[in-house]
**Student:** 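Before I ask anything, let me first share the structure, which is written out below as structure tokens.
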Amino acid sequence: MIELSHVSKQFGDETAVDDISLRVPKGKFCALVGTSGCGKSTTLRMINRLIEHSEGDIILDGQAIDVYDPVKLRRRIGYVIQHTGLFPHWTVARNIGLVPQLLKWSAADVQSRVAELMQLLGLPVDEFAHKYPHQLSGGQAQRVGVARALAADPDILLMDEPFGALDPITREKLQDELAKLQARLHKTVLFVTHDMDEALKLADHLVVMREGRIVQQGSPLALLQNPADPFVESLLGGLERGLKQAALTRVKDHMTSMGPTLPAPSRIPGTFSLRQALSMMLRDHSDRLTVVDQHDVPVGELSLRRIIKEAQLDNGNPRE
Ligand SMILES: Nc1ncnc2c1ncn2[C@@H]1O[C@H](COP(=O)(O)OP(=O)(O)O)[C@@H](O)[C@H]1O
Ligand SMILES: [Mg+2]
């Protein structure tokens, strides 16, 4: 769906993006992570042609982007940035309806689409349709930004640190909502962030950049299991790496069948993570948990030994 092949960008003498290749298959969520100035935003902006690339090929849907008209291309690609870029003198409803209106949808169609999106993003129409951007909180403004990007139902979404300016609680809430939204809409997403935890939480595919180059890419688990070098390892949180890996692994994938001994008193749902299981073991001073299904019926057990063994196995044999 999105394919970059040996793409570079020079600004004068400076190489901002240096020979990068990556693929985002249709419906997948790819996160681009790296410290400030490593070329993440430039990479996104080359895809919607806000910046023209210097070398290499950028292919969307099998077509080189050079053949598309830049304006039409941008209307097909949703774009969300940190400071929403909403028009300050336009109401929320008008901001969201911008692209459909440019595409000359009928007024009735624009209106019903705007209402649909406001509902999807948790912005009650009665309360928000007629507000102006300065009357919104940071989190509400980002929701409007996301609604606007989705307005004409683009297949592709480019998001440049969309939650970077929000407080941690609002940020986490919007991350959870974006994950739910993506599970429903299956957009092809390229998401830029300097926050590794955000990337680990949301991405199917993770791309780590440094000084214009890609240093490693793969699934979040694969990177956690085998970081390519000390830079990637430090971005992944150094010693915290084991816990982050446990956070991405579900209890039910590692439980064993119920043993002959009495079931452990502490119960954990199979959908919880190994990290949550470890936390429960520490809290309850127990090295064994009973795993339950959604009706709280015991379906297996999980031991500390098992978690530690699995972690060792995973280190040796990455699955993805
Ligand atoms: N329009 C531009 N003109 C000149 N240099 C630029 C321009 N945009 C970005 N750069 C430079 O390119 C490098 C990468 O920038 P950027 O892609 O914004 O990084 P990131 O988004 O990862 O923080 C930086 O050194 C930046 O100064
Ligand atoms: Mg940037």
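Counting from 1, the numbers follow the sequence of the chain as shown. Atom set for the values below is all heavy atoms of this structure, side chains included, hydrogens, waters and symmetry mates excluded.
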**Student:** Search all heavy atoms of His205 against all heavy atoms of Pro220 and return the closest pair with its distance.
**Tutor:**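 Between these two residues, the closest heavy atoms are N-CD, 4.5 Å.
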
**Student:** Is a salt bridge present between Arg113 and Glu116, judged by a nitrogen-to-oxygen distance below 4.0 Å?
**Tutor:**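 Glu116 and Arg113: salt-bridged.
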
**Student:** Is the count of non-hydrogen atoms from other residues, nucleotides or ligands lying under 6.0 Å from Lys201 atom NZ greater than 12?
**Tutor:**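 Yes.
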
**Student:** Step through the shown structure and confirm whether more than 12 heavy atoms of other residues, nucleotides or ligands are within 6.0 Å of CD on Gln111.
**Tutor:**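 Not buried by this count: 12 neighbours or fewer within 6.0 Å.
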
**Student:** Parallel, tilted or perpendicular: which one describes the rings of His134 and Tyr132, with boundaries at 30° and 60°?
**Tutor:**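 Rings of His134 and Tyr132: parallel, as their planes differ by under 30°.
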
**Student:** Tell me if the CZ atom of Arg49 is crowded by more than 12 foreign heavy atoms within 6.0 Å.
**Tutor:**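 Counting other residues, nucleotides and ligands, CZ of Arg49 exceeds 12 neighbours.
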
**Student:** Taking only Lys NZ, Arg NE, NH1 and NH2, and the carboxylate oxygens of Asp or Glu, determine whether Asp160 and Lys40 approach each other closer than 4.0 Å.
**Tutor:**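 No, Asp160 and Lys40 are not salt-bridged.
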
**Student:** Between Arg250 and Thr271, what is the shortest heavy-atom contact and its length?
**Tutor:**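 Closest pair (atom of Arg250, atom of Thr271, distance): CD-O, 3.6 Å.
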
**Student:** With no hydrogens and no angle check, is any side-chain donor or acceptor of Lys26 less than 3.5 Å from a backbone partner on Thr188?
**Tutor:**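 It does not hold such a pair.
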
**Student:** Dump the intermediate steps for salt bridge (charged side-chain N to carboxylate O under 4.0 Å, His left out) on Arg306 and Glu301, then the final yes or no.
**Tutor:** CA-CA 10 Å; Arg306 177 93 188 157; Glu301 64 175 32; over 6 Å; no

**Student:** Side chains of His6 and Glu55: donor-acceptor distance under 3.5 Å anywhere?
**Tutor:**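 Checked: His6/Glu55 side chains show no N/O donor-acceptor pair below 3.5 Å.
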
**Student:** Above 12 or not: heavy atoms from other molecules or residues under 6.0 Å from NZ of Lys131?
**Tutor:**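 Result for NZ/Lys131: enclosed.
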
**Student:** Verify the neighbour count for atom CD of Glu172: are there more than 12 heavy atoms of other residues, nucleotides or ligands below 6.0 Å?
**Tutor:**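 Counting neighbours around CD of Glu172, 12 or fewer heavy atoms of other residues, nucleotides or ligands fall under 6.0 Å, so no.
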
**Student:** Regarding Lys252 and Asp293, does a basic nitrogen lie under 4.0 Å from an acidic carboxylate oxygen?
**Tutor:**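 Looking at Lys252 and Asp293, the cut-off is not met.
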
**Student:** Among Ile65, Leu60, Ile59, exactly one meets side-chain contact (heavy atoms from CB on, under 4.5 Å) together with Ile2. Which residue is that?
**Tutor:**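 When side-chain contact (heavy atoms from CB on, under 4.5 Å) is applied between Ile2 and each of Ile65, Leu60, Ile59, only Leu60 qualifies.
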
**Student:** Drop me the distance from Ile20's CD1 to Thr42's OG1, to the nearest 0.5 angstrom.
**Tutor:**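 Going from the CD1 atom of Ile20 to the OG1 atom of Thr42 covers 9.5 Å.
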
**Student:** Does atom CD (Gln10) have a neighbourhood of more than 12 heavy atoms from anything else shown, all under 6.0 Å?
**Tutor:**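 Yes, enclosed.
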
**Student:** Are Leu136 and Ile81 in one and the same hydrophobic cluster, where Ile, Leu, Val, Met, Phe, Trp and Tyr link if side-chain heavy atoms are under 4.5 Å apart?
**Tutor:**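 Each belongs to a different hydrophobic cluster.
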
**Student:** Ignoring hydrogens and angles, tell me if any N or O in the side chain of Gln276 forms a donor-acceptor pair with the backbone of Ser273 under 3.5 Å.
**Tutor:**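 Yes, Gln276 side chain to Ser273 backbone: donor-acceptor pair under 3.5 Å.
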
**Student:** My understanding is that only one of Val215, Asp229, Leu32, Leu236 makes a side-chain contact (heavy atoms from CB on, under 4.5 Å) with Val208; could you say which?
**Tutor:**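 Result: among Val215, Asp229, Leu32, Leu236, Val215 is the only option passing the side-chain contact (heavy atoms from CB on, under 4.5 Å) with Val208.
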
**Student:** Considering all heavy atoms of both residues, which atom of Arg76 and which atom of Tyr68 are nearest to each other, and what is their separation?
**Tutor:**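 Of all heavy-atom pairs spanning Arg76 and Tyr68, the closest is NH1-CE2, 3.3 Å.
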
